[in-house]
Every structure is written in C-alpha cells, then in structure tokens.
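Every heavy atom of this structure was used, including side-chain atoms; hydrogens, water molecules and symmetry mates were not. Note that the numbering runs from 1 along the sequence shown for the chain. Counting starts at 1 for both ligands and their atoms, in listed order.
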Amino acid sequence: MLKSYGYAAFDAKTPLGAFSFDRREPSSEDVLIEILYCGVCHSDLHQARNEWHGTTFPIVPGHEIVGRVLQTGSNVSAFKPGDCVGVGCMVDSCGICTDCRDDLEQFCQEAVFTYNSPDKHTGKMTYGGYSNQIVVDQHFVLHISEKLNPAAAAPLLCAGITTYSPLKHWNVGKGQKVGIVGLGGLGHMGVKFAHAFGAEVVLFTTSPDKIADGKRLGAAEVVISKNPEEMQKHLQSFDFILNTVAAPHDLDQYLTLLKRDGSLCLVGVPDHPHPAPNVGNLIFKRRALTGSLIGGIRETQEMLDFCAAHDIVSDIELIAMQDINQAYERMLKNDVKYRFVIDMRTLQHSDQQD
Ligand code: NAP
Ligand code: ZN
C-alpha cells in the first residue's frame with residue numbers, strides 16, 4: 001500500500017481537516033501521479049456535506065486533478081515519468097458495455113468515480129484529489145499540453161468537460177443564440193466554449209457585479225435573471241440554454257425563452273428538486289428539457305486538445321489546502337471568480353494525523 005495524505009470531511013457538519021490513508025500499489029495498468037493542483041467543484045461541497053445523501057465518510061473530495069507522472073506500470077506506453085497529466089471525475093468503468101464501447105464511460109453502470117465510489121481494486125471507497133498523489137488506470141489518465149498553465153487547466157477536468165460535452169452534443173455553433181445560466185465554475189467555462197464555437201452567447205446571472213466579466217468571457221449580452229422585464233425581451237428566441245445553477249429554481253422562466261424545438265439542458269444537481277415545470281411550456285413549442293453528465297474520456301481528451309489549440313483555460317483563484325473551508329463558504333455566496341484551485345504544495349505531510 002502507498003501511504004498518502006490529504007484533506008477529508010469526516011462528517012457532514014465539521015470542517016475538512018488533515019487525513020492520512022493508503023492508496024493501492026500501482027499495477028501494470030496503472031499510472032502513479034503526484035498531484036500538483038486540484039480544482040474545487042460545487043459537487044465536492046455537495047458531497048462533503050452529504051447533500052446528495054450518498055456520502056461515505058471520511059471523504060477526500062477533488063476531481064479536477066492535474067499532476068506529474070511519477071511511475072508507470074509495465075503495460076503503460078502512452079505516459080512516462082514527468083508527463084503533465086489530468087484526472088477528472090472517473091477512474092474506472094466496466095470497459096465492455098455499450099456505453100463504454102461508445103466512449104461514454106460516464107453512463108456505465110459500473111463507472112467508478114474519483115472519490116466516494118467503491119474501488120474494484122481494493123473494495124474500499126475511492127479518495128480524490130485533495131491529496132498528495134493518486135493511482136489511476138491508464139485509460140482514465142488524460143494528456144495535458146505543456147502550453148496550458150497547469151493550475152488553470154485543472155478545472156477543465158470537470159467544469160470544462162461538463163459544459164463542452166452538451167454544447168457539442170446539441171451542435172452549438174455559428175448562427176445560434178445560446179444561453180448560459182449561472183456564472184460560476186461551470187458557467188464561465190460554458191460561456192468561453194459557446195463563444196469559441198461561434199454562437200451568440202447570452203449569460204443569465206443573479207449577480208449584477210458579474211456583468212463586465214460575463215462580457216469579457218465572451219457573452220454578447222448579460223441578463224439579470226431576477227429582472228422579469230429583461231427576461232421578457234428574450235422570449236422564444238434561444239436555440240439552446242445550458243443551466244449550471246446549483247440550487248432549485250423556476251425552470252419555466254428559461255423554457256419560455258426557447259424557440260420551437262429548443263432545448264434546456266440541466267447540469268446543476270441541487271440538493272432539493274426544482275419546482276415542476278409547466279407542461280404547456282414543453283408541448284406547445286415541442287421544447288425539450290434534458291440533462292448531461294460530465295463527458296467520456298475520449299471527449300475529455302478532445303476538449304483538452306481544443307483548449308490547448310485555442311488557448312482556453314479556467315479563470316482561477318489559487319488557494320492553500322488549509323483555506324478549503326473558507327472557499328466552500330465563499331462558493332455558497334457565489335463569491336468565486338471563477339474557480340478555486342488548491343495548490344498542493346501547501347499540503348504539508350507534517351500537518352497530518354497518522
Ligand atoms: P458554482 O461555481 O457554485 O456556480 C453555480 C452558479 O449558479 C453560481 O455562481 C451562481 O451564478 C448560480 N446560482 C447559485 N445559486 C443560485 C440560485 N439560488 N439561483 C440562481 N442562480 C444561482 O458551482 P459549479 O461548480 O459551477 O457547479 C454547478 C452545479 O453543477 C452543482 O450543482 C454541481 O454539483 C453540478 N455539476 C454537475 C456536473 C454534471 O456532470 N452534470 C458536473 C459538475 C458539477 P450567478 O452568480 O451568476 O447567478
Ligand atoms: Zn465537478
């Protein structure tokens with residue numbers, strides 16, 4: 001076993017703190033990675049606080065991992081020590097079901113998520129990226145171009161792919177009017193990608209202080225969603241709306257903005273359900289209410305390569321591991337521009353309990 005250390009939540013109520021634990025010995029298929037940076041996703045907070053009611057404690061969150069390869073197994077040829085690599089939300093899947101064969105491992109019934117998921121190798125729960133190192137099957141390791149700032153690339157592993165994948169799936173591009181709801185970690189990547197794909201982007205935000213940033217990131221227009229008059233101006237005009245909001249809210253206010261055959265795609269996973277939308281808003285214009293889950297490994301690599309080619313990374317605020325609890329509180333106040341990333345050099349082994 002590999003002695004490892006990081007930060008964990010020990011229950012739903014107390015702040016995260018230092019934690020020592022074992023990782024499996026790398027097999028011939030595995031890559032051992034020194035973690036340099038880990039992004040802070042709202043899903044980390046939801047699960048650390050057991051808001052989705054599926055958390056096994058202690059939990060080591062973190063699924064926006066960038067690091068350097070320390071060691072590779074004998075069957076690994078695509079990576080070598082020193083390579084800059086990423087790990088996102090998944091570390092394993094069955095490899096043979098139709099979802100896996102279609103490169104959509106995120107939908108595999110046996111997908112193993114990077115943390116809080118039963119690990120087939122050890123029978124214990126997986127531990128995520130708020131830690132010094134990780135052992136991952138080579139299929140779930142991504143190449144990160146040396147052109148990208150590694151700290152700012154970390155959020156691409158979840159916030160990036162979760163917005164890139166639905167925008168691609170629903171063929172967002174030139175000539176289309178596309179809405180992004182919420183300017184947080186996911187939303188700001190959604191604005192960047194939709195703009196890069198050539199769409200006319202409208203950002204919906206509850207935060208008037210984010211108007212200038214919305215435009216800088218690529219939105220042609222920024223709408224304050226709490227203002228019904230501003231919303232009315234956009235009735236029946238959108239081809240596609242990507243909703244990243246992490247809290248329950250009225251979906252009808254966005255369904256009514258879609259054209260005939262338009263789609264409202266939800267990626268936010270609130271702790272309580274949204275109020276049920278009015279069926280009439282779906283059937284009278286044949287609109288679709290849909291959702292999307294991260295993206296497969298092949299598409300994640302495609303997204304990372306697209307980012308390297310187009311110089312796209314996340315806007316980040318680098319924090320020390322010890323600042324994680326304060327970062328969670330700020331995330332709950334929508335006070336993050338636009339992703340916290342933990343600098344793992346701040347994680348001291350001497351801080352750890354053994
Ligand atoms: P985040 O950084 O906290 O951003 C969420 C944004 O939503 C906020 O910045 C805020 O933007 C807006 N918002 C928050 N509360 C709101 C409210 N009550 N009403 C309206 N808008 C509100 O969170 P994130 O990391 O981007 O994650 C967003 C959600 O996606 C979370 O639920 C997360 O678990 C989920 N997620 C899903 C997937 C997937 O695969 N489907 C992957 C990753 C994350 P404004 O200030 O602009 O209003
Ligand atoms: Zn995430």
>> So for Lys210, does at least one of its heavy atoms come nearer than 4.0 angstrom to any atom of ligand 1?
In response: yes

>> Checking side-chain polar atoms at under 3.5 Å, does Gln47 have a donor or acceptor matched by the opposite partner on Tyr115?
In response: yes

> For the residue pair Phe193 and Phe197, does the interplanar ring angle fall in the parallel (under 30°), tilted (30 to 60°) or perpendicular (over 60°) class?
Replying inline: parallel

> For Leu186 and ligand 1, does the shortest N/O to N/O distance drop below 3.5 Å?
Replying inline: yes

> Would you say the side chain of Val40 lies within less than 4.5 Å of the side chain of Met331, judging by non-hydrogen atoms?
Replying inline: yes

> Do Asp213 and Tyr338 get their side chains close enough for a donor-acceptor pair, meaning under 3.5 Å?
Replying inline: yes

> For Val269 and ligand 1, does the shortest N/O to N/O distance drop below 3.5 Å?
Replying inline: yes

> Any side-chain donor paired with an acceptor under 3.5 Å for Ser131 and Arg23?
Replying inline: yes

> Quick one: does Ala159 get within less than 4.0 Å of ligand 1, heavy atoms only?
Replying inline: no

>> Only heavy atoms of Ser292, strictly under 4.0 Å: list the atoms of ligand 1 that pass.
In response: 39 (C), 40 (O), 41 (N)

> Could you walk me through whether Phe204 and Tyr254 pass the ring pair (Phe, Tyr, Trp, His ring centres under 6.0 Å) check?
Replying inline: CA-CA 10 Å; Phe204 296 93; Tyr254 296 107; 5.4 Å; yes

> Of all the heavy atoms in Gln106, does at least one lie under 4.0 Å from an atom in ligand 1?
Replying inline: no

> Given that the side chain starts at C-beta and the backbone is N, CA, C, O, which of these parts of His249 lies under 4.0 Å from ligand 1, counting heavy atoms, or is it both or neither?
Replying inline: neither

> In ligand 1, which numbered atoms sit nearer than 4.0 Å to a non-hydrogen atom of Ser207?
Replying inline: 45 (P), 46 (O)

> Which atoms of ligand 1 are found less than 4.0 Å from any heavy atom of Trp52?
Replying inline: 34 (O)

> Can you tell which of Asn334, Leu203, Leu183, Asp250 gets a heavy atom nearest to atom 11 (O) of ligand 1?
Replying inline: Leu183

>> Under 6.0 Å between ring centres: does that hold for Tyr7 and Tyr127?
In response: no

> Is there an N/O/S atom in Cys158 at a distance below 2.8 Å from the Zn ion (ligand 2)?
Replying inline: yes

>> Within 2.8 Å of the Zn ion (ligand 2), is there any N, O or S atom belonging to His63?
In response: yes

> What atoms of ligand 1 come within less than 4.0 Å of a heavy atom belonging to Thr205?
Replying inline: 45 (P), 46 (O), 47 (O), 48 (O)

>> Nearest non-hydrogen contact with atom 9 (O) of ligand 1 belongs to which option: Gly187, Gly184, Gly185?
In response: Gly184

>> Out of all atoms in ligand 1, which are within 4.0 Å of some heavy atom of Met331? Include the element for each.
In response: 3 (O)

